[in-house]
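What follows is one structure encoded as structure tokens, with my remarks underneath.
The shown structure was predicted, so the numbers you read here are calculated from the model rather than taken from an experiment. Keep in mind that the numbers below use all heavy atoms, side chains included, and drop hydrogens, waters and symmetry copies.
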Amino acid sequence: HLSKQSMHSGQSSTSQSSPCTQGSLAPLKAVHAFSHDLCTPKRAPRPCQSRAVAWHTSPASPPHACFLAVNPHACRPSFPQAVPGAVGSMLHRTVARLGAVATPSTRRYRDVVVRGHPMHVVEVGPEDGEALLCIPGRLGTAEGDFEHQLAGLSEAGHRVVSFDPRGYGKSRPGRREFPVNFHDIDAEDAASVMHDVIGVSAFNLLGWDDGANASVLLASKYPKAVQRLVIFGGFHRVTAQDVIASEMTRSVQNWSPSRKAKYNLKYGRDLQPMWDELCDALALIHKRGGDVCMWEAKSLQCPTLVLHGALDLMSSQDEAQWFTENIPGAAEYYFKEGRHNFHQVFHLQFNALADHFLSTPLDVPDNDEDSSLDTPARA
């Protein structure tokens, strides 16, 4: 159990939460032994129309979070218990362990060429651990976007891998380009990193922002390779409102001083032309119908957890709900006070939830073929 004060300070409490009964969603009230004065949503949740999810709230729900759990009648046999115990029994046991920050010396860095482009790859954690690939977001980098996940989830025993997408961070020289299929390119680059650089054919996948879209595309194209999927901050289509919003930010001179300084430091004179190309790409995607990963999301076969920050101004609740309703058997979890970067602000809670979900044993049929990145599900 975490007190309201410790949730903000990152210190764990000594009180214990009740264990979660396996295979049942009923014990949610029992396992969420948290202070409850912050748990009530600012607005009532919309009734969920998906047959795959059901809304669960409780006076004992964790602060910063609202919970959408899977319906056990609409998903895989092993998946319903993957989420309910995470914030209760899992958090009190792992929050201190996941809070440690790994030093840079414990990380393995590789500067390689992937599909003809320089790629900076970061790996940390036991080499015999289950591999987890984290795909960064727009203009992001491995250590800039996933510092706390590289540290905390590797301490939990995961072999955590991330990379600076082509044209970002240290995956240069070469200015980032934004053709209309740039999410597909990132997905193929990620697959090559795991297969050709890390040397694994099956792994878990976590994606944020544009990385969430690329993760959906990767998991759909290589269903035998991606074992579990966690996505947050992504979008399934580009709307007219998205195009308008991007146009409002087209000139980097209009960005906030802190944001402008951050990315000018990374990209210098390349920043404005890069952002111009991105705005043009989003407008073209919208003109062609707006689809980013809609078909792919509906075709996913792996257990999927959709996370969302309720105060996220960049990726709306509608996006999270669409993914939950359209990805077969998906579960959703809301960080009530989370903004777009809630995985950084509430990293202890995020890591504990992700660790629990990613560590849940999978039901693999005895006659299942080898997981592989060699043969995609479709061209």
Side-chain angles (χ1 to χ4, degrees), residues 25 28 41-58 61 65-84 86-87 183 187 205-221 223 226-242 285-286 289-336 338 340 342-343 353-354 357-358 360 377:
L25 296 178
L28 284 174
K42 295 185 185 300
R43 60 178 179 176
R46 292 174 295 178
C48 182
Q49 302 300 319
S50 170
R51 63 182 176 84
V53 295
W55 181 263
H56 289 258
T57 57
S58 161
S61 296
C66 304
F67 197 86
L68 278 174
V70 295
N71 181 337
H73 301 296
C75 56
R76 304 165 191 81
S78 65
F79 191 31
Q81 57 265 37
V83 176
V87 182
H183 292 114
L205 186 57
L206 185 152
W208 176 42
D209 192 79
D210 278 336
N213 308 334
S215 295
V216 171
L217 296 170
L218 193 162
S220 172
K221 189 170 184 179
V226 178
Q227 298 176 313
R228 306 173 189 84
L229 174 65
V230 180
I231 56 173
F232 54 106
F235 52 96
H236 68 286
R237 65 192 300 265
V238 176
T239 67
Q241 289 74 20
D242 295 328
I285 294 172
H286 173 64
D291 186 5
V292 174
C293 57
M294 295 172 67
W295 182 91
E296 291 81 2
K298 295 176 182 180
S299 72
L300 291 181
Q301 300 177 24
C302 60
T304 302
L305 177 61
V306 180
L307 302 175
H308 178 63
L311 304 182
D312 191 343
L313 299 179
M314 300 181 68
S315 179
S316 69
Q317 177 184 331
D318 291 337
E319 291 289 351
Q321 186 166 1
W322 187 93
F323 280 118
T324 307
E325 293 178 353
N326 286 275
I327 296 176
E332 183 179 41
Y333 188 95
Y334 281 8
F335 283 74
K336 178 197 164 189
H340 194 58
F342 62 85
H343 68 297
L353 182 65
F357 174 77
L358 296 171
T360 300

Could you give the distance from NE2 (His340) to NE2 (His308), rounded to the nearest 0.5 Å? 10.5 Å
Just say parallel, tilted or perpendicular for the rings of His236 and Trp322, cut-offs at 30° and 60°. parallel
Measure across Thr239 and Arg237 and return the closest heavy-atom pair with its distance rounded to 0.1 Å. CG2-NH1, 3.6 Å
Does one side chain, of Asp242 or His286, offer a donor that lies under 3.5 Å from an acceptor on the other? no
Test item: Met294 and Asn326 side chains (from C-beta on) under 4.5 Å apart, heavy atoms: no
Which heavy atom in Ala331 sits nearest to a heavy atom in Thr324, and how many Å separate them? C-CG2, 4.5 Å
Check: Leu358 main-chain N/O paired with Arg228 side-chain donor or acceptor under 3.5 Å: yes
Looking only at heavy atoms, the pair that brings Tyr334 and Gln317 closest together is OH-CG, 3.0 Å
Can a donor-acceptor pair be found, under 3.5 Å and without considering hydrogens, that links the side chain of Asp312 to the backbone of Met314? yes
Point-to-point distance, once rounded to the nearest 0.5 Å, from CD of Glu332 to CD1 of Ile231: 9.5 Å
If only atom types and distance count, is the side chain of Asp291 paired as donor or acceptor with the main-chain N or O of Cys293 below 3.5 Å? yes
Heavy-atom closest contact (Ala214 atom, Ala187 atom, distance): O-CB, 3.4 Å
Hey, what do you get for NE2 (His183) to OG (Ser215), rounding to the nearest 0.5 Å? 10.5 Å
Can you confirm whether or not the ring centre of Phe335 sits under 6.0 Å from the ring centre of Phe232? no
Minimum heavy-atom separation for Pro223 to Ser220, with atom names? CD-O, 3.5 Å
Shortest non-hydrogen contact between Phe323 and Val216, atoms and distance: CE2-CG2, 4.3 Å
Looking at Gly234, is its backbone amide N or carbonyl O close enough to the side chain of Ser315 to form a donor-acceptor pair, meaning the two atoms are under 3.5 Å apart? yes
